[in-house]
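Remarks on the structure that follows.
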Amino acid sequence: MKILTRIGALALVVLTLASAGSSRQKPRNLILFIGDGMGVSHVYAAITASGNTMTFPSFPVTGFSRTHSANNYSTDSAAGGTALATGEKTNNLMVAMRPDSTILVTLLEHAKAAGMATGIVCTSSLTDATPADFATHAPLRYEYRSIAKQYINGAADIFIGGGRRYFVPTPDSTGKINHEEDVVSGLSRAGYDVTYDLESFIASKSDRIAGLMADGDIPMISDGRDTQFLARATAKAIEVLSRNRAGFILMVEGSRIDDAGHGNNTSMVIDEVIDMDRAVAVAYDFAKRDGKTLIVVTADHETGGMSITGGNLAKREVKAEFSFTGHSGVMVPVFAFGPGAVEFTGIQENTDLFHDFFRLLSLDRKRR
Ligand SMILES: [Zn+2]
């Protein structure tokens with residue numbers, strides 16, 4: 001009897017370990033969402049305005065990320081994105097480079113070396129700091145032409161955002177064209193299907209697609225951006241990247257949350273956070289079916305020192321105030337779903353997120 005009880009207890013332990021194991025499994029794919037400038041108040045304003053119907057706030061694992069850069073308590077997007085993309089803190093304004101300007105290998109570059117597929121989807125210019133941090137390197141984030149040119153190297157198989165003006169040559173005052181600036185021809189030679197509108201991007205049959213959707217940033221929701229743009233671009237990227245049996249990494253940025261924060265505009269903050277959540281919902285549907293995809297939603301920093309001073313849940317109203325128009329030093333939230341999600345609980349350095357991704361995707365062992 002005693003022995004039987006012991007066997008029963010042992011079976012229970014084995015079963016418990018097996019079920020705990022499922023949340024500790026390793027993912028094959030990673031979809032990382034970065035809400036640029038998205039702090040806890042930005043998320044809660046959107047939760048309230050949506051009537052608590054958002055996807056990522058319902059993820060089972062939540063945590064916080066400490067965002068300070070190597071030289072500043074308050075990071076900018078360049079150093080904040082570099083921390084997430086490379087696992088090292090650098091100085092503000094630097095793109096995937098150490099403070100001494102040596103190059104830091106990015107998550108997407110590690111993934112390419114491991115035979116994985118890679119992608120970037122954003123609503124800013126592709127040359128903006130956050131997307132640039134994952135695919136390019138620059139000592140100064142404003143080196144837009146150099147950043148655009150580095151997309152030819154192919155760290156991202158598929159990328160879509162704005163910033164077309166840095167990919168096409170501009171004629172000088174005499175009308176002469178500087179072909180050095182012609183990044184589009186370089187992309188075509190490198191095998192990219194270069195597209196200029198969402199329908200062509202979605203219709204492309206290629207597995208290497210460039211989407212140059214606007215001259216500069218893609219408009220904010222309040223300026224008429226299609227509320228399906230980010231979700232549809234994300235769906236297409238997942239469709240293409242998931243063909244790769246070795247797995248994929250996709251970074252999706254809700255870029256314009258930051259602009260709404262800088263502008264201290266509550267309704268614009270809400271629109272942009274809810275817009276990113278529509279793209280998260282697409283990824284979540286895929287991840288639930290796939291079972292091998294980790295989704296992490298976080299931010300590079302908080303913008304505006306936003307605080308919620310009142311509201312009404314039934315009326316879905318939020319009253320918010322902002323402390324200033326810059327980036328604050330406060331921790332930002334982390335939400336995770338899928339195999340390995342449990343690693344993202346508690347308070348971590350932003351650089352730790354990279355090291356978790358690296359280990360969970362076995363990028364050290366996959367390199368060839
Ligand atoms: Zn900003």
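Start at 1 and go down the list; that is how both ligands and their atoms are numbered. Residue numbers run from 1 in the order of the sequence given. These values consider heavy atoms only, across backbone and side chains, with no hydrogens, waters or symmetry-generated copies.
For the pair Arg145 and Tyr166, the NZ or CZ position fails the cation-pi test of under 6.0 Å to the six-membered ring centre and within 45 degrees of the ring normal.
In summary, Glu272 and Arg256 do not engage in a salt bridge, as defined by a charged side-chain N under 4.0 Å from a carboxylate O. Remark: Asp133 does not engage Arg141 in a salt bridge, criterion side-chain N to carboxylate O under 4.0 Å.
A centroid separation of less than 6.0 Å is found between the aromatic rings of Phe357 and Phe344.
With hydrogens and angles disregarded, a donor-acceptor distance shorter than 3.5 Å links the side chain of Thr53 to the backbone of Ser50.
Checked by atom type, the side-chain pair Ser255/Glu253 shows a donor-acceptor distance below 3.5 Å.
Less than 2.8 Å away from the Zn ion (ligand 1), the protein contributes these N/O/S atoms: Asp258 OD1, Asp258 OD2, His262 NE2, His327 NE2.
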